[in-house]
Amino acid sequence: TGALSWGGGAALCLQGKDYLYFAGGNGLVVMSLKDPTKPWRIGDVIDTGALGIKAGVSLKLMEDEAHGEQLLYIAGGKGLAVYGLADPARPRQVCAAFDTGCISLLGGVSLADAGGPECLLLAGGSGLAVLDTEDRRKPRVKRTVDTGLLGWKAGARMAVSGDGRLMYLAGGKGFGVFAMPGAQALLAGEGPKLLGKVATGALSHDSDSGLVFGEGHLDGGLLYVAGGKGLAIVDLTKLPGASNAA
């Protein structure tokens, strides 16, 4: 595809049924899925200014109701950029890449919802940033938070519970569960509250990490945690903050 770099991260994002956005250390590409069994690249590799050749990548679609357009948020080793998708085949930059203060050149990157479209969370090797996205085209960093879990050359992955009440964070220094105060409270200055750390045995200080919910996670269920030491399966009902935990 031309997007990947040796030692760098990669991220995929579907837009409808016809387009796939694929980002790596060398840039962003648009793939046509007109024939889903034979995706093909549209145009050249896009230099977003946000991606680093040895850092993680995260992509997220956002709705810009004010302009009736979908946006693509692109986070990488050099910062965060925003592209407009009025023409999904030809993304155009609406916000140039800027330093968020939480991403390292070698660490992972993860974007996650924070309880409302006016706020996002961005995790990187240098910390957790609270983003004000009231103006979807001009996200602003409200502040950064030291979670005690993220490392400058390790993975950074977040997952938020279906009700938005809890955030799970995996980094080079461990796995933790945080209480989420809601979007408005985050923007007003209240940070995610660490409820507890959990030893998974899967995470390492120099490898990427991954999180994915198992089926039925809205009613408890499982969370799969992957890292440099393997795969762990975590019972959500036994984690700190679980409504049905003992």
Side-chain angles (χ1 to χ4, degrees), residues 9-14 21 23 50 55-63 70-77 79-82 100-104 107-134 136 139-151 154-187 190-195 197-198 203 208-214 217-218 221 223-227 234 236 239-241:
L12 297 167
C13 183
L14 283 169
Y21 300 105
V57 185
S58 186
L59 302 176
K60 184 171 180 58
L61 292 174
M62 294 283 286
E63 297 295 334
Q70 201 166 43
L71 303 175
L72 179 65
Y73 278 48
I74 305 167
L80 174 68
V82 183
T100 64
C102 73
I103 301 174
S104 63
V109 185
S110 182
L111 284 161
D113 292 318
E118 68 276 19
C119 184
L120 283 179
L121 294 177
L122 173 61
S126 298
L128 178 71
V130 177
L131 302 176
D132 182 341
T133 55
E134 183 174 2
R136 309 289 191 270
R140 298 183 298 115
V141 177
K142 293 290 287 186
R143 69 188 178 286
T144 58
V145 179
D146 181 6
T147 64
L149 298 175
L150 299 165
R157 287 291 181 267
M158 287 184 290
V160 178
S161 62
D163 58 9
R165 192 173 58 87
L166 298 173
M167 177 187 73
Y168 309 100
L169 178 64
K173 299 177 182 178
F175 172 82
V177 183
F178 293 78
M180 294 283 284
Q184 290 300 322
L186 283 168
L187 294 175
E190 187 176 347
K193 180 182 178 182
L194 179 63
L195 298 177
K197 296 182 181 180
V198 179
L203 301 168
D208 204 354
S209 56
L211 297 176
V212 65
F213 287 114
H217 72 271
L218 295 179
L223 180 69
Y224 297 90
V225 182
V234 178
L236 294 174
L239 292 180

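Count residues from 1 along the sequence.
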Is there a side-chain contact between M180 and K193, using heavy atoms and a 4.5 Å cut-off?
-> no
Point-to-point distance, once rounded to the nearest 0.5 Å, from OG of S110 to CG of L169 = 8.0 Å
Can you tell if the side chain of Y168 reaches within under 4.5 Å of the side chain of F213, non-hydrogen atoms only?
-> yes
Side chain to side chain, L203 and F175, heavy atoms closer than 4.5 Å | yes
Show your working on side-chain contact (heavy atoms from CB on, under 4.5 Å) between L128 and V130 and close with a plain yes or no.
-> CA-CA 7 Å; L128 178 71; V130 177; 5.7 Å; no
Does any N or O in the side chain of D132 come within less than 3.5 Å of the main-chain N or O of E134, such that one atom is a donor and the other an acceptor?
-> yes
Would you mind reporting whether L59 and L111 have side-chain heavy atoms less than 4.5 Å apart?
-> no
Could you tell me the separation between the NZ atom of K197 and the CG atom of L149, rounded to the nearest 0.5 Å?
-> 5.0 Å
Does any non-hydrogen side-chain atom of L166 lie less than 4.5 Å from one of V177?
-> yes
Between CE of M158 and OG of S58, what distance do you get to the nearest 0.5 Å?
-> 7.5 Å
Kindly say whether V109 contributes a backbone atom to a donor-acceptor pair with the side chain of R157 at under 3.5 angstrom?
-> yes
Heavy-atom closest pair, residues L223 and V212 | CD1-O, 3.5 Å
Does S104 use its side chain to pair, donor to acceptor, with the backbone of G107 at less than 3.5 Å?
-> yes
Output the distance between atom CG (L187) and atom CG (L131), rounded to the nearest 0.5 Å.
-> 9.5 Å
Residues M167 and P192: closest non-hydrogen pair is CE-CB, 4.5 Å
For A170 and L211, which heavy atoms make the closest approach, and how far apart are they?
-> CB-CD2, 4.0 Å
So, the side chain of T133 versus the backbone of P117: is there a donor-acceptor pair under 3.5 Å, distance only?
-> yes
Considering all heavy atoms, the nearest A55-G77 contact = CB-CA, 3.4 Å
Closest heavy-atom contact between C13 and L61?
-> SG-CG, 3.5 Å
Could you give the distance from NZ (K60) to CG (L120), rounded to the nearest 0.5 Å?
-> 6.0 Å
Are I103 and L122 close enough that some pair of their side-chain heavy atoms sits under 4.5 Å apart?
-> yes
Side-chain contact test, heavy atoms from C-beta onward, threshold under 4.5 Å: evaluate it for Q70 versus E63 and give yes or no.
-> yes
Closest contact, heavy atoms only, A183 versus G115 | CB-C, 4.0 Å
L186 side chain near P181 side chain, heavy-atom distance below 4.5 Å | yes
Under the 3.5 angstrom rule, does the side chain of T144 hit a backbone N or O of G101 as a donor-acceptor pair?
-> no
